[in-house]
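The structure appears below as structure tokens.
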Amino acid sequence: MGNEEIKVPPNITFQDIRVRYHTGRSVLLSERDRYGNKVYQYRCGVMTDIGDLEKKVWTAYAEELVRRYGEETLFARLLYWVKEKIPWLKNDQERREYALELHMSRIFDCPEWEGYSEFNRK
């Protein structure tokens, strides 16, 4: 997808785009470049209940759901928790994507989550 706006289906739910696992594949862009070589690009995505979504499409869907249900404050708290507790994530983009994954899985509603008590106490 280029820079066009990503349309989020009106009936999509958090469960629909919960990340099952990450996907990736090589995509042929061109049979030959100026040196006669095939040109490939790597496509990163996530498998969800509605299929394999390209990472930027999934991110747009997730961010829209957070806005649609008025959960910006909840997401901000989750993002802060990720920044404080997950030190191996390299940058703000990785932390944001991971927080979105946790948010879509509704991790804060799961008593088995190791951060459940601490997160919900605040």
Side-chain angles (χ1 to χ4, degrees):
M1 300 193 123
N3 289 333
E4 70 271 5
E5 187 176 328
I6 297 170
K7 303 284 188 226
V8 180
N11 59 342
I12 203 156
T13 66
F14 292 108
Q15 179 68 30
D16 291 337
I17 62 169
R18 179 183 54 88
V19 174
R20 293 174 162 194
Y21 54 88
H22 291 260
T23 63
R25 66 175 181 237
S26 182
V27 178
L28 179 65
L29 294 180
S30 164
E31 283 294 328
R32 297 192 183 274
D33 63 8
R34 64 183 183 173
Y35 304 108
N37 301 317
K38 291 183 177 183
V39 179
Y40 292 91
Q41 178 179 351
Y42 196 75
R43 180 236 188 236
C44 295
V46 292
M47 183 57 72
T48 68
D49 287 354
I50 60 171
D52 186 3
L53 300 176
E54 188 175 351
K55 191 71 155 202
K56 69 179 176 179
V57 171
W58 177 85
T59 301
Y61 283 17
E63 289 173 345
E64 173 58 26
L65 283 178
V66 169
R67 277 189 298 277
R68 188 178 290 169
Y69 290 98
E71 295 186 354
E72 294 92 345
T73 302
L74 180 59
F75 177 72
R77 286 182 47 226
L78 193 55
L79 182 58
Y80 179 79
W81 187 89
V82 167
K83 287 179 179 180
E84 293 294 309
K85 302 294 183 182
I86 315 291
W88 55 86
L89 296 174
K90 298 180 195 101
N91 55 50
D92 285 341
Q93 180 181 343
E94 284 186 8
R95 288 186 275 279
R96 184 172 184 78
E97 288 174 358
Y98 189 70
L100 282 170
E101 284 186 40
L102 294 176
H103 197 108
M104 295 307 105
S105 70
R106 313 304 286 174
I107 195 74
F108 39 77
D109 291 337
C110 180
E112 291 84 27
W113 176 41
E114 69 171 284
Y116 179 81
S117 295
E118 179 184 355
F119 183 80
N120 287 300
R121 185 176 42 224
K122 291 183 180 179

Would F108 and R77 count as a side-chain contact (heavy atoms from CB on, under 4.5 Å) if you check the C-alpha gap in whole Å, the side-chain angles of each, and the deciding distance to 0.1 Å?
CA-CA 11 Å; F108 39 77; R77 286 182 47 226; over 6 Å; no

Any chance you could measure [X], atom [atom1], to [Y], atom [atom2], to the nearest 0.5 Å?
X    : Y    : atom1 : atom2 : result
L102 : W113 : CG    : CH2   : 6.5 Å
N120 : C110 : CG    : SG    : 10.5 Å
Q41  : S26  : CD    : OG    : 9.0 Å
T48  : I17  : OG1   : CD1   : 7.5 Å
Y42  : R25  : OH    : CZ    : 10.0 Å
K85  : Y80  : NZ    : OH    : 9.0 Å

Holding to side chain to side chain contact (heavy atoms under 4.5 Å, CB included), I want the full list of residues that pass it with [X], two or more places apart in sequence or in another chain.
X    : answer
Q93  : N91, E97
D109 : R106
P9   : N11, I12, Y61
R95  : L79, V82, K83, L89, D92

Excluding sequence neighbours, so at least two apart, what forms salt bridge (Lys or Arg N to Asp or Glu O under 4.0 Å) with [X]?
X   : answer
D49 : R18, R20
K7  : none
E94 : K90
E64 : R67, R68

Do M47 and L100 share a hydrophobic cluster, counting only Ile, Leu, Val, Met, Phe, Trp and Tyr and linking them when any side-chain heavy atoms are less than 4.5 Å apart?
no

Heavy-atom check, side chain of I6 versus side chain of W58, under 4.5 Å
no

Find out whether T23 and R43 are in side-chain contact, i.e. whether some heavy atom of one side chain is under 4.5 Å from a heavy atom of the other.
yes

Residues 9-32 vs ring-ring contact (aromatic ring centres under 6.0 Å, His included), sequence neighbours excluded, gives F14-Y69, F14-H103

Would you check, one step at a time, whether the test side-chain contact (heavy atoms from CB on, under 4.5 Å) holds for M104 with V19?
CA-CA 8 Å; M104 295 307 105; V19 174; 6.0 Å; no

Salt-bridge contact R96-E63 (side-chain N to carboxylate O under 4.0 Å):
yes

Could you walk me through whether Y40 and K38 pass side-chain contact (heavy atoms from CB on, under 4.5 Å), step by step?
CA-CA 7 Å; Y40 292 91; K38 291 183 177 183; 3.5 Å; yes

